[in-house]
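Data block below; observations after.
Computation of the quantities below employed the complete heavy-atom set of this structure, encompassing side-chain atoms and omitting hydrogens, waters and symmetry-equivalent molecules. First the proteins, then the strands, lettered A, B, ... as listed; each starts at 1.
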Amino acid sequence: MFLVSKAVIVLVLLAAFLAGFAGGYLFSSASTPSGAQAPPTRVTVSTTTSLYQTHLLDDLLADFKNATGLSVEFSVLAKGSGEALRLLSDGSACLGFTHAPSLELKYLLDGSIVRLSIFAYNEFVIVGPKDDPAGVSNAASAVDAFKRIYEAGEKGLAKFVSRGDNSGTHVRELQLWKLAGLDPSGRAWYLVSGQGMAQTLLMADNLKAYTLTDVGTLQSLVSQGKISNLVVLLRDPKLLINVYSFYVSSSQSCRSKDVSNLALLLAEYLNTRGQQLIASKYKDLFNPALQNLTVVESAWVELSRLA
Amino acid sequence: MESLLDITLRSLWISGLASLVSFIAALALSFSLARARESVANVVAGFLESLVGVPTTVIGLLTYMLLYPRGPLAPLNLLYTPWAIVIGESLVALPVSAVVLYRSVRRSLSVVSELAASLGLTSGGLFGIAAREIIPDLFTSYLVGFSRAIGELGVALIAGGGIQGYTNVLTTAIALETSIGNYEDAISVGLVLISITALITLALKTMGERIWRSS
C-alpha cells in the first residue's frame with residue numbers, strides 16, 4: 001500500500017512540473033507569429049527606478065523602436081541600481097540603466113558588464129524641512145551639509161532618512177558620510193527606510209527630515225502635489241552630479257548576436273536621437289550627456305573611486 | 001499604469017492555473033498520505049504544516065535560483081515570464097492546499113471506514129462515500145491555495161519581475177505604484193484584489209455546498 005502511494009506522489013509531482021514546462025513551451029511557440037514577419041525578440045532590461053518613474057526610459061525605448069523599426073519587446077524591471085547591476089551580472093537582464101559609478105566600476109572590473117554609453121546626467125540635491133534646523137542652506141558643500149545634519153541630529157534637532165537599499169542614491173549618501181568622516185549608522189535620528197526614492201521622500205516629508213534625492217523623482221512628486229514640507233536646500237554640482245550609464249551584460253546568456261546587435265543599436269540611438277529627446281522633452285529633469293561628455297566622464301571616474 | 005482590467009485578468013489566470021496545479025498535486029498527496037502508514041503520514045503532514053508559513057519571498061528567491069541563467073532550469077528560458085510565476089506560486093500554494101485536504105480526507109476515511117465495516121462495503125464503495133464527504137473541502141482546499149497564490153508578492157516580483165504588459169500582476173502593481181509614491185493607484189488595485197478574492201471565495205463555496213447537497 002505504502003509503496004503504491006509513494007509512487008503516486010512522485011508521479012503527480014512530476015506531472016505537475018511537466019505540465020508547467022509544457023505550458024512554457026507552448027507559450028514560447030505561441031508567441032511566435034505565423035506570418036513572414038520575424039518573431040519579436042524579448043529582451044530584459046533592468047533599470048534604476050528614477051528613469052522608470054519619470055517615464056524617460058519608456059519614451060527612449062519607444063522612440064528607439066520607432067526610429068529603427070525593429071520588432072523587439074523590452075521587459076523592463078524597475079529596481080534599485082544595486083539590484084539592477086546584480087541582475088546584469090547574473091545575465092538575468094541583458095541591458096541595464098544605472099547611476100551608481102562605484103558599484104558599476106566593481107562589475108566593470110570583474111568583466112561581467114560592458115559600458116556602452118553615458119547618456120544623461122542630472123544632480124542629486126539635499127532636501128529638508130523649510131525651517132532648516134541644521135542650517136544646510138548655508139553649507140559650503142555637500143560634505144559640510146552632512147556635517148551640519150550630523151551635529152543637529154546629535155542635538156535632537158534634525159532627522160535624516162536614508163534609502164539603505166544599495167541604490168545609486170544610497171551609495172552616494174554613504175560616500176558623503178565617508179568624506180565627512182562621520183558614521184551615522186545606529187544613531188536614533190538616522191532612519192533607514194529600505195525603500196525606493198519616492199517612499200523615502202514621502203517618509204522624510206512626513207517626518208520633516210532631511211534626505212538626499214535625485215531631482216527627477218523629487219520633481220515628479222512635487223508636480224503631483226505630494227510634497228508639503230520639503231524644499232531643496234543645497235545643490236553641489238561637484239559632489240552631487242548624478243550620471244546615468246547604459247550597460248550590456250557580458251554573461252553567457254546575453255552573448256547572442258541579436259542581443260549584442262540590439263545593444264549596439266540602442267547605444268548609438270542614445271548617443272544621437274536619444275540625446276535630442278532628452279534635451280527637448282525632459283529639459284528640467286535630465287541633461288543630455290554628450291554635449292558635456294568630458295566633464296561628465298571625469299565626474300564618473302572620480303565618483304567611481306570614492307568607495 | 002496599464003489598464004486595471006489587463007492586470008486583473010493576468011492575475012486571475014496565473015494564480016488560477018498555479019493553484020490548480022498545486023490542487024491536483026495536493027489531491028494525490030493527501031489521498032496517498034491517508035492510505036500510508038500513520039506514523040509516516042504524520043511526519044509528512046507535520047512537515048507540510050511547517051511549510052505553510054514559509055515567506056513567499058524565500059520561495060521567490062528559490063524559483064529565481066532555479067530559473068536564472070546559471071540555474072539548473074536555465075535552458076527553459078522561463079525567468080521573467082508568466083510561467084515562472086505559475087511555477088513559484090504553485091509551490092507557494094501546495095502546502096496549504098495539501099494540509100487542508102489531508103485533514104479532511106483522513107477524517108472522512110476514518111469515519112466512513114467504521115460505517116463501511118458495519119455495513120460490509122467493499123473498499124471501492126468506501127472510497128465513493130469518502131469522496132462525497134470531502135466535496136466541500138475540495139473547494140476549500142483549492143480556494144486557500146488560490147488566495148495564497150493571488151495575494152503573494154515575493155514570487156511575482158522576484159521571478160516574474162512585474163513587467164508591464166507581461167508579468168505585472170495585482171500584487172506587483174501595488175508594489176510598483178507604491179515604490180513610485182503613487183499611493184492612490186496602489187490602493188485602488190488593492191481594493192480590486194480584496195474584492196476578487198472575496199467574490200471568488202463566496203462563489204466557489206456556495207457552489208461546493210450545492211454540489212454536496214445534490215449528490
- Task: Quick one: closest heavy-atom pair of B:Y68 and A:S92, and the distance?
- Result: CB-OG, 3.7 Å

- Query: Under the 6.0 Å and 45° cation-pi test, does A:R42 pair with B:Y166?
  - Reply: yes

- Query: Side chain, backbone, both or neither: which part of B:T178 has a heavy atom under 4.5 Å from chain A?
  - Reply: both

- Item | Heavy-atom proximity to chain A below 4.5 Å, by part of B:L27 | neither

- Heavy-atom pair count under 4.5 Å with chain B, highest-scoring of A:A78, A:S75, A:G91, A:S220: A:S75

- Item | Residue B:I180 versus chain A: region with a heavy atom under 4.5 Å | both

- In terms of heavy-atom contacts, does NZ of A:K79 have more than 12 from other residues, nucleotides or ligands at under 6.0 Å? yes

- Query: Checking heavy atoms, do the side chain of B:N182, its backbone, both or neither come under 4.5 Å from chain A?
  - Reply: both

- Query: Given a strict heavy-atom distance threshold of 4.5 Å, which part of A:Q195 is in contact with chain B: side chain, backbone, both, or neither?
  - Reply: neither

- Message: At a 4.5 Å cut-off on heavy atoms, which part of A:T44 comes close to chain B: side chain, backbone, both, or neither?
- Response: side chain

- Message: How close do A:Q199 and B:Y183 get, counting heavy atoms only, and between which atoms?
- Response: CG-OH, 3.5 Å

- Is there any ring pair (Phe, Tyr, Trp, His ring centres under 6.0 Å) pair reaching into residues 80-99 of chain A, and which pairs are they, with sequence neighbours excluded? A:F97-A:F119, A:F97-A:F246, A:H99-A:F124, A:H99-A:Y244

